[in-house]
2 protein chains.
Amino acid sequence: MKMDRPPHLKDLEEDAEKQPFLPNYLLFLLASTSAAASAEFHATVREHGLRVPEWRVLACLHDEDGQMVTRLAGLALMEQSRLTRIIDQMDARGLVERRSDALDRRRVRVHLTGDGRILAEEMVQRAAEHEAALLSRLPDGKGNELRRLLKEVYRQFSGEAD
Amino acid sequence: MKMDRPPHLKDLEEDAEKQPFLPNYLLFLLASTSAAASAEFHATVREHGLRVPEWRVLACLHDEDGQMVTRLAGLALMEQSRLTRIIDQMDARGLVERRSDALDRRRVRVHLTGDGRILAEEMVQRAAEHEAALLSRLPDGKGNELRRLLKEVYRQFSGEAD
DNA sequence: GCCGAAACCATGAAATATCATACAAACTGC
DNA sequence: GCAGTTTGTATGATATTTCATGGTTTCGGC
């Protein structure tokens, strides 16, 4: 999604006619910050001929090859049926391949091909570089503080805390 | 988007065959946390007959009625052409209406109708309640800490810091 | 072992998003 | 005030996403 420059939240706050809601709404702050932080790198992703969901799949498989479709969809933040079709395309492009799980034949495991792995490694490398550049814009330590906090909050909100 | 239960990040970390990338990648943590935090409320949104982008538009107009299309698209995290069509639908449903700006006739200002305002107020109320419920799952103060940090980081990453 | 239920993945049909571009209005420098 | 540029919004054609559901395979209680 090609997005314009993010708007400034302050502008909303300046309209004092009544209590503004969004500038302090956590879900909005999370979504906006995520979008603002990702915009640049997502442009890079597209320049490499990938769409964002495809990049997410590559990154997930980079960390753990051969994941099943459902879990991959969860990690890559999309619906299962959408992932199925994205796998179709990535398969047709020779980036991944499906193998059925011998122990549970309902499951389909998605594996990187050689080309897929090369591309995944390159993109992960670029992502890491971009992340470093992003973090360098923040005061020292802020980045790690944010990471720690997000991990903790994710744990709570995703039910991992059970 | 109807999503399954979020996966547990730890699982990725447990695969020690090599350095996992995602569990510490800031953009991934932001996107995953945002998705996990929003999932419940987004279900509520759909139960009220709204899609997420429509809810975002209502929330934006709740804070500042009569915004122009471009800015609304930026705040609601979508492309302009998509917002144009969403406005079409919300207009047809009687939730918003377009008025052209007298001073700059290129601009189209989007206003809540009476019904739109009623729905916006109700949803904002529910969002606030849901947010309170979410925050109550976190240790005291974590929520505010996260908010402060996100605001600061958003400022940097969106270029508002210039 | 059998039966109903649940988990996993794929798919059709309809709705939606995207990209490029068109169109209109407002600026800019002259 | 005019030509060229930029800004703001809409739209057509295409590609994608979604929802509901179908087909398999496994699970659980009996």
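Each chain gets a letter, A, B and so on, in the order its sequence line appears, and its residues count up from 1. Values below: all heavy atoms of this structure, side chains included; hydrogens, waters and symmetry mates excluded.
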Quantified as the angle between the terminal helix axes (five pairs each), what is the overall bend of the helix from dG1(C)-dC30(D) to dC30(C)-dG1(D) to 10 degrees?
50°
Let me know the distance between CG of Leu77(A) and P of dT18(D), rounded to the nearest Å.
12 Å
Listed nucleotide nearest any side-chain atom of Val108(B), set dA26(C), dA10(D), dA10(C)
dA10(D)
Which whole-number value in Å describes the distance from Leu50(A) CG to dT16(D) P?
13 Å
Any idea which of dT25(D), dT9(D), dA25(C) is nearest the Arg107(B) side chain?
dT9(D)
Using a cut-off of strictly less than 4.0 Å, decide whether Gln89(B) has a side-chain nitrogen or oxygen near OP1 or OP2 of dA15(C).
no
What is the separation between atom CG on Asp101(B) and atom P on dT7(D), rounded to the nearest whole Å?
17 Å
Exam field: side chain Asp63(A) to backbone Pro20(B), donor-acceptor pair closer than 3.5 Å
no
One should read off an interatomic distance between Leu150(A) CG and Leu150(B) CG, to the nearest 0.5 angstrom, of 6.5 Å
Under the salt bridge (charged side-chain N to carboxylate O under 4.0 Å, His left out) test against Glu40(B), which residue among Arg126(B), Arg137(B), Arg46(B) passes?
Arg137(B)
Interatomic distance, Leu61(B) atom CG to Met90(B) atom CE [nearest 0.5 angstrom]
7.0 Å
To the nearest Å, give me how far apart CD (Gln67(B)) and P (dT9(D)) are.
11 Å
Can you tell me if Ser100(B) uses its side chain to pair, donor with acceptor, with the backbone of Val108(B) under 3.5 Å?
no
Just by distance, no angles: are the side chains of Glu129(A) and Gln125(A) close enough, under 3.5 Å, to form a donor-acceptor pair?
yes
Once hydrogens and angles are ignored, does a donor-acceptor distance under 3.5 Å link the base of dT7(D) to the side chain of Arg106(B)?
yes
Closest listed nucleotide, where the reference is the side chain of Arg105(B) and the choices are dC8(C), dT9(D), dA26(C):
dA26(C)
Find the distance Ile87(B):CD1 to dA10(D):C1' and express it as a whole number of Å.
13 Å
Could you state the CZ-P distance from Arg71(A) to dC9(C), rounded to the nearest angstrom?
12 Å
Short side-chain to backbone donor-acceptor contact, Ser136(B) and Ala133(B), under 3.5 Å
yes
When you measure from every atom of DNA chain D, which of residues 79-86 of chain B have a heavy atom less than 4.0 Å away?
Gln80(B), Ser81(B), Thr84(B), Arg85(B)
Minimal non-hydrogen separation, Leu112(A) against Ala120(A), with atom names:
CD1-CB, 4.2 Å
Look at all strands and tell whether Arg109(B) reaches a base, only sugar-phosphate, or nothing, counting heavy atoms closer than 4.0 Å.
nothing
State, to 0.1 Å, how close Leu146(B) and Val153(A) come at their nearest heavy-atom pair, and which atoms those are.
CD2-CG2, 3.9 Å
Within the 4.0 Å heavy-atom criterion, would you say Met78(A) contacts the bases, only the backbone, or no part of the nucleic acid?
nothing
Find the distance Asp91(B):CG to dT9(D):P and express it as a whole number of Å.
15 Å
Nearest 0.5 Å please: distance from the CG atom of Asp65(A) over to the SG atom of Cys60(A).
11.5 Å
Rounded to whole Å, how long is the line connecting atom CE of Met68(B) with atom C1' of dA26(C)?
12 Å
Given DNA chain D, 5'-ward residue of the pair Pro53(A) and Thr70(B), judged by closest heavy atom
Thr70(B)
